[in-house]
Amino acid sequence: MTTKLLLDARDVHRSFGATQALRGASVTVERGELLAIMGPSGSGKSTLLHCLAGIYKPDQGEVWFDGTRVDTLGEAKRTELRRDAFGFVFQFGQLVPELTALDNVALPLLLAKMPRRRAYAQAAPWLERLGLSEHGTHRSGELSGGQAQRVALARALVHKPRVLFADEPTGALDTLTGENVMNLLVTAAREEGTTVVLVTHDARVAAYADREIVVRDGRALTTPSSAVA
């Protein structure tokens, strides 16, 4: 029987030198849920996201993804998990500057050994879907901030990840462009059935989520739901 629970962090601790970023944070995420992780700068919210995504290994505690304990996997297995099951969108997009927009979207498929023609055939509709069909041959330096972030979103979703991790995806954008990107992110995730874990300090961005938690002093606190239809 399939359970609703997809991600589960249990009493996670993580330090960087003498700095304790997480001090026993626990959080669960259900399949298809859009969860917003809020908190001030330095609260540990991005560290929690990175632990959930298998980028960081916690010093103490457990992280589970769909019945698999992630924190005990070796680096190669965690890399494979991130490549195959997860998608990522960060504040500044982190596009490969030497590549075109279409190249960037196709990149995850090529890294997964998909034949080149098939990879590009699968990537192109995502540019059209996000209103970027005329920018496929443009490199990142020729794109506006909003356009670059939409390319990053297309790249994150092109391989149909089970979880999309987004760390301050609108932090470098103006309000109107940020709202546009969030609308596209939520719509695409809903249509694909993708679970979303979103880190933000902006209450307007968190309002797009089904549920919010706040990270303070390295611990996660549940807040009242801020669901949208």
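Centroid-to-centroid, the aromatic rings of Phe90 and Phe165 stay 6.0 Å apart or farther.
Around the CZ atom of Arg83, the shell of radius 6.0 Å holds more than 12 heavy atoms that belong to other residues, nucleotides or ligands. A 6.0 Å sphere centred on CD of Glu128 holds no more than 12 heavy atoms belonging to other residues, nucleotides or ligands. The local environment of CD in Glu134 is sparse, with at most 12 non-hydrogen atoms from other residues, nucleotides or ligands closer than 6.0 Å. Around CG of Asp174, the count of heavy atoms belonging to other residues, nucleotides or ligands within 6.0 Å exceeds 12. Annotation for Arg204: atom CZ does not count as buried by contact number, only 12 or fewer foreign heavy atoms lying within 6.0 Å.
No option in Val186, Thr187, Asn180, Val181 other than Asn180 meets the side-chain contact (heavy atoms from CB on, under 4.5 Å) test with Leu184. When the options Leu52, Leu34, Leu6, Leu48 are evaluated for a side-chain contact (heavy atoms from CB on, under 4.5 Å) with Val197, the one that passes is Leu52. Pro108 pairs with exactly one of Asp84, Leu157, Val158 by the side-chain contact (heavy atoms from CB on, under 4.5 Å) rule, that one being Val158.
The existence of a salt bridge linking Arg78 and Glu75 is confirmed by a sub-4.0 Å separation between a basic side-chain nitrogen and an acidic carboxylate oxygen. Salt bridge Arg69/Glu62: present, at least one basic N to carboxylate O contact under 4.0 Å.
Side chains of His135 and Leu143 form a contact here, defined as non-hydrogen atoms less than 4.5 Å apart.
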Is there a salt bridge (Lys or Arg N to Asp or Glu O under 4.0 Å) between Asp66 and Arg162? Walk through the geometry before answering.
CA-CA 10 Å; Asp66 199 19; Arg162 298 180 64 188; 2.7 Å; yes
Working for side-chain contact (heavy atoms from CB on, under 4.5 Å), residues Val215 and Met38
CA-CA 6 Å; Val215 177; Met38 298 190 70; over 6 Å; no
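Annotation: cation-pi pair Arg14/Phe16 present, NZ/CZ under 6.0 Å from the ring centroid and within 45° of its normal.
Under the 4.5 Å side-chain heavy-atom criterion for grouping Ile, Leu, Val, Met, Phe, Trp and Tyr, Val89 is not connected to Leu99 through any hydrophobic cluster.
Residue pairs meeting the side chain to side chain donor-acceptor pair (under 3.5 Å) criterion with at least one member in residues 45-55, sequence neighbours excluded, are Ser46-Asp167.
Atoms CD and CG, on Glu168 and Leu198 in that order, are 8.0 Å from each other to the nearest 0.5 Å. In this structure, OG1 on Thr195 lies 8.0 Å from CZ on Phe65, to the nearest 0.5 angstrom.
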